[in-house]
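Order of the sequence lines fixes the chain letters, A, B, ..., with proteins taken first and strands second; residue numbering starts at 1 for each chain.
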There are 2 protein chains.
Amino acid sequence: MYLVKLGGSVITDKARPLSFREDVVRRLVSELKPFSPLIIVHGAGSFGHVYAKEYGLADGFKSSEQLEGFARVQRDVRDLNMRIMNILIENGINAVSLPPFASCENSDGRLKSLDTAPFHRTVDMGLSPVTFGDAVFDDKIGFSICSGDYLMEALAEEFRPEKTIFLSDVDGIYDRNPAETGAELLPVISSSDSVSAGKSRDGVSDVTGGMAGKLASMVKIAPFSEVWMINGLVPGRLANLLNGETVIGSKVIP
Amino acid sequence: MYLVKLGGSVITDKARPLSFREDVVRRLVSELKPFSPLIIVHGAGSFGHVYAKEYGLADGFKSSEQLEGFARVQRDVRDLNMRIMNILIENGINAVSLPPFASCENSDGRLKSLDTAPFHRTVDMGLSPVTFGDAVFDDKIGFSICSGDYLMEALAEEFRPEKTIFLSDVDGIYDRNPAETGAELLPVISSSDSVSAGKSRDGVSDVTGGMAGKLASMVKIAPFSEVWMINGLVPGRLANLLNGETVIGSKVIP
């Protein structure tokens, strides 16, 4: 069993609202097909961020004006989910969507609990469950954002997949922001080393270029599953990794 | 609080696969708007029946070939749900979708349990939950169809709405198939009378024109809520009923 995250930066253009990278998703699905059934998580990318930011959803429920934003974010993210479901099903992956809204609860912006029973039943029947980052209820602040990375952590711990793979728009985790000159890809990161990779020398909390949170998720997953970050925009890389070949990417070890 | 079922015969053309009656739904949503938040259930109509029939989903899990049908039915029904969500949100009803797949379980083709907690939390926050008939897991036969009418029963018992309204493509429950000459609309049906309305004199189980099952659901709801069936294709009838006016339709009393 494999657990794969289709990152929001891969399946959408984060700079343009509601921009779905259909060709990229079609290619990734063709690479995943031989390994189905599997568990898929996807990010919200540019389908979730517009209204989430405009209505301040990440900071919790403060006024009833936000309810419109909550409804719109959920609607847009399910629009993205439907597009992915269509491509999965058209390509012979018998996928079913499990939106996190009904089965997970956040607490102060972090995933508190995920009901994994529907995932087990889906997998047991030979179907591929698909879930995604979304706006969900929060027992402390009313509602907040449940990121796809938190869902990856919970599902990896529950299912102990043979491989857990994060697809990104860069080659993996770097020793500094990959946009900087001289940035080097870290092919293997041990959980004890990860602190230096995720923290800055000069007070900036995320020198790896927005990857500190993802690295923290991968460190949490490492005890339960072989965990990788690879570039989802490079054709064949996902298929090669699933086939057990050596690929460019970062592996986090316990 | 009101509970309204948008019947599959109202929101789709049951004779043509995947035929969405967008204009009808737009009008109904404008009639519902002043009474939101409310709880909405919709049928699957011609979005659910094609693959459900082709793959025999109502009879349960018999072979892995059906998994494709299961995935396709779920996908098509969520496509219908998305279209309805779009119209609700565009018209200022802050609606969120609660697919039954994760929160309900069937047993031998009947709804066994529905987790109503997400519905309560949605309503408590001032949002309008929307659910729908769908293919779900079944503890006896693997999977089966959870009809919107079963969901109406469970939600009416849980929420005790002021009014529970079934929207149909006919004026209400008739004393025989409404297509027959001389068929008469039954404006008030007491639960004790309902047996004769729902049963045939000559062994045909549903002389009311496919309404016996719906009448049975209404009889179950009557102890908990004022329960009506009216014609959703006639403009203004829903708004008039919600406004407390006298309308053409059938009311089932305990």
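Contact annotation for A:N81: neither backbone nor side-chain heavy atoms come within less than 4.5 Å of a heavy atom of chain B.
Residue with the most contacts toward chain B among A:S97, A:G126, A:S64: A:S97 (heavy-atom pairs, distance under 4.5 Å).
Residues of residues 67-77 of chain A that come within less than 4.5 angstrom of chain B, heavy atom to heavy atom, are A:L67, A:E68, A:F70, A:A71, A:R72, A:Q74, A:R75 in numerical order. Of all residues spanning residues 101-125 of chain A, those with a heavy atom less than 4.5 Å away from chain B's heavy atoms are A:F101, A:A102, A:E105, A:P118, A:R121, A:T122, A:M125, arranged by number.
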